[in-house]
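First up is the structure itself, then whatever we jot down about it.
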Amino acid sequence: MTFMPQSQNTIDPVKLEKLAEVAIKVGLQLQKGQDLVITAPVVALPLVRLITKHAYQAGAGLVSAFYSDEETTLARYQYGSDESFDRASGWLYEGMAKAYANGAARLAVAGDNPMLLSEQDAGKVGRANRANSTAYKPALEKISNFDINWNIVSYPNPSWAKVVFPDDPEPIAIAKLAKAIFAASRVDVSDPVAAWAEHNANLGKRSAWLNGERFASLHFQGPGTDLTIGLADGHEWHGGASTAKNGITCNPNIPTEEVFTTPHALRVEGHVSSTKPLSHQGTLIDNIQVRFEGGRIVEAKASRGEEVLNKVLDTDEGARRLGEVALVPHSSPISASGILFYNTLFDENASCHIALGQCYSKCFLDGATLSQEQIKAQGGNSSLIHIDWMIGSDKVDIDGIKPDGSRVPVMRQGEWA
């Protein structure tokens, strides 16, 4: 008997096929003979099958898929021994890191229920996240350092759809979420590949302007926010497609509306409030408020999920410092949709955001040639985590500050100035 989720008949099969094609041709630009490692929720099997087909049609070497399952995850919290929450499957991540070191591409299908662990013990959630982050580090470094071409796309998991559209029957919720995913991923047009080429060009123009300005810092001002983010020495802005160290140009995030760079880990001052909830590893963290001194978060509060937030911040020294700052206009298509996705891949592209933890070596001039010591010396942060959360809205203004102290308007009321 063939397994086919009941939700599949509410999802446009033509657009799902286009999403799979975009994942391979735009997201990864998978090369002939290149291996591919896929991670996905088991409910996303219809999309994974299509991605696998397009991968082999593009000449993939070997496609290997690894699946997660919500009920299996919950069983651990309900029945697992206490000591198991300080462990992770390091052997699996070591294998992935070895695959990436040997040239494999990485594709993640997102779509987990953002509320999956909301009723579970926060201490166990925090311990499991820390163990997982530690075990995942060898693989994460290959990704965050852009050693390989990688990509993330999403699938409308029924449990995720019901969080986003709680008042709709499940089939309607799935159909609405699928439509929103397809629109944000630019696969609801006749030629998605061409649409992505145009979008990448526009993001490239924004990055080029910011790189030409050579700002020393950015100043964010808005309700609950007065934050100055120093930028790393020799930082470089990127947006849309990026060329990995293996020479392959990929679009890591589908969708994407951001231009982003690396902050200086020691030069962040002031306070900032989140403008959207953060869904992290099955826990919702809302109304985040933090204060920075010398680049480090010295005070953190949240109206929901505060215990998990503080456990995240205690992951390691770098977890309380920034690894990314990204600019997104409030009028971006995802923001204009009015949908709160409870999924960072989407919500971060509706709003300017910052990321706790690991920086991208890609976001330095000649980053591919810099050692980890050089990146640190120029202000790049190092951590086991990289967690984005949203700080932009139509009430936030941003100025770029030059080395001489002069100011240039970058955004006003959430739009490019």
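Values reported hereafter were calculated over all heavy atoms of this structure, with side chains retained and with hydrogens, waters and symmetry mates removed.
- Between the side chains of T249 and T243, at least one donor N or O lies within less than 3.5 Å of an accepting N or O.
- Closest approach of C352 and F220 over heavy atoms only: CB-CE2, 4.3 Å.
- Using modelled atom types, one finds no donor on one side chain facing an acceptor on the other under 3.5 Å when comparing S382 with Q372.
- Side-chain contact of Q289 with H271: a donor-acceptor pair under 3.5 Å is absent, judged by distance alone.
- The aromatic rings of H238 and F260 lie tilted to each other, with the angle between the two planes from 30° to 60°.
- Using a 4.0 Å cut-off between charged nitrogen and carboxylate oxygen, D347 and K276 do not count as a salt-bridge pair.
- The OG atom of S144 sits 4.5 Å away from atom CD of Q358, with the distance rounded to the nearest 0.5 Å.
- A salt bridge is absent between D188 and K15; no separation between the charged side-chain nitrogens and carboxylate oxygens falls under 4.0 Å.
- A donor-acceptor pair is defined here as one N or O able to donate and one able to accept, closer than 3.5 Å; such a pair exists between the side chain of R321 and the backbone of A265.
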- Task: Check step by step if side chain to side chain contact (heavy atoms under 4.5 Å, CB included) holds for I285 and R304.
- Result: CA-CA 5 Å; I285 307 173; R304 180 175 185 174; over 6 Å; no
- Before giving the answer on side chain to side chain contact (heavy atoms under 4.5 Å, CB included), spell out for L327 and E258 the whole-Å C-alpha distance, their side-chain angles and the decisive distance to 0.1 Å. CA-CA 6 Å; L327 305 181; E258 65 178 337; over 6 Å; no
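- Under the 4.0 Å criterion applied to side-chain N and carboxylate O atoms, K362 and E324 are not assigned as salt-bridge partners.
- With hydrogens and angles ignored, the 3.5 Å screen pairs a side-chain donor or acceptor of S207 with a backbone N or O of G239.
- Not a single donor-acceptor pair under 3.5 Å links the side chain of E213 to the backbone N or O of G400.
- W389 contributes no side-chain N or O that, together with a main-chain N or O of T275, makes up a donor-acceptor pair within less than 3.5 Å.
- The closest side-chain heavy-atom distance from Q120 to L74 is below 4.5 Å.
- Of the possible donor and acceptor atoms, none in the side chain of K176 sits under 3.5 Å from a partner among the backbone N and O of V164.
- Note that the OG1 atom of T262 and the CH2 atom of W237 stand 9.5 Å from one another [nearest 0.5 Å].
- Other residues, nucleotides and ligands contribute only 12 or fewer heavy atoms inside 6.0 Å of the NZ atom of K179.
- When all heavy atoms are compared, the tightest approach of F346 to I334 is O-CG2, 3.4 Å.
- Sequence neighbours left out, the pairs with a member in residues 73-86 that pass side chain to side chain donor-acceptor pair (under 3.5 Å) are D82-R127, D86-R127.
- For the residue pair N149 and N246, a side-chain donor N or O sits within less than 3.5 Å of a side-chain acceptor on the partner.
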- Message: Apply side chain to side chain contact (heavy atoms under 4.5 Å, CB included) to residues L116 and S159 and explain how you reach the verdict.
- Response: CA-CA 9 Å; L116 182 66; S159 60; over 6 Å; no
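- Between the side chains of D286 and S303, no donor N or O sits under 3.5 Å from an acceptor N or O.
- Side chains of H264 and Q378: no donor on one and acceptor on the other come within 3.5 Å.
- In this structure, the side chains of F182 and I11 come closer than 4.5 Å at one or more pairs of heavy atoms.
- Residues Y360 and T261 are not in side-chain contact: their nearest non-hydrogen atoms beyond the backbone lie 4.5 Å or more apart.
- Taking the side chain as every heavy atom from C-beta outward, K25 and W196 never approach each other to under 4.5 Å.
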- Task: Check the pair V125 / D121 against side chain to side chain contact (heavy atoms under 4.5 Å, CB included), numbers first and verdict last.
- Result: CA-CA 6 Å; V125 172; D121 181 84; over 6 Å; no
- Message: Set out, in order, the CA-CA distance, both residues' side-chain angles and the distance that settles salt bridge (charged side-chain N to carboxylate O under 4.0 Å, His left out) for R320 and D314, then state yes or no.
- Response: CA-CA 7 Å; R320 289 181 176 269; D314 289 337; 3.0 Å; yes
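- With a 4.5 Å cut-off on side-chain heavy atoms, S68 and D112 count as touching.
- Of the possible donor and acceptor atoms, none in the side chain of K376 sits under 3.5 Å from a partner among the backbone N and O of G380.
- To the nearest 0.5 Å, the span separating CD1 on I172 from NZ on K162 amounts to 10.5 Å.
- Side-chain atoms of H235 and N211 form no donor-acceptor pair, as typed in the model, at a separation below 3.5 Å.
- Of the options V37, L36, T39, a side chain to side chain contact (heavy atoms under 4.5 Å, CB included) to L107 is made by L36 and by none of the others.
- No hydrogens or angles considered: a donor-acceptor pair under 3.5 Å links the side chains of D69 and T72.
- By the 4.0 Å N-to-carboxylate-O rule, R291 lies close enough to E293 to be salt-bridged with it.
- In this structure, CD in Q34 is found 12.0 Å from CG in L62, a value given to the nearest 0.5 Å.
- To the nearest 0.5 Å, the span separating CG on L19 from CG on D12 amounts to 11.5 Å.
- Checking side-chain atoms of R267 against main-chain N and O of S217 turns up no donor-acceptor pair under 3.5 Å.
- Within the 4.5 Å cutoff, the side chain of M96 has no heavy atoms near those of the K142 side chain.
- Between the S89 side chain and the L92 main chain, no donor and acceptor come within less than 3.5 Å of each other.
- Under the 3.5 Å distance criterion, the side-chain polar atoms of N253 are left unmatched by any main-chain donor or acceptor of T256.
- For the pair Y155 (side chain) and A40 (backbone), a donor-acceptor distance under 3.5 Å is absent.
- Rounding to the nearest 0.5 Å places CG of L203 at 11.0 Å from CD of E198.
- Closest heavy-atom contact between G90 and A135: CA-CB, 3.9 Å.
- Residues D35 and N102 have side chains not in contact (no heavy-atom distance under 4.5 Å, counting atoms from C-beta outward).
- Of all heavy-atom pairs between A139 and Y93, the closest is CB-O, 3.9 Å.
- Between D316 and S383 the shortest heavy-atom distance is OD1-OG, 2.9 Å.
- In terms of heavy atoms, P192 sits closest to V189 at CD-O, 3.7 Å.
- Put simply, the side chain of I401 does not reach to within 4.5 Å of the side chain of L218, judged on heavy atoms.
- Judged purely by distance below 3.5 Å, without hydrogens or angles, the side chains of N200 and N251 pair a donor atom with an acceptor atom.
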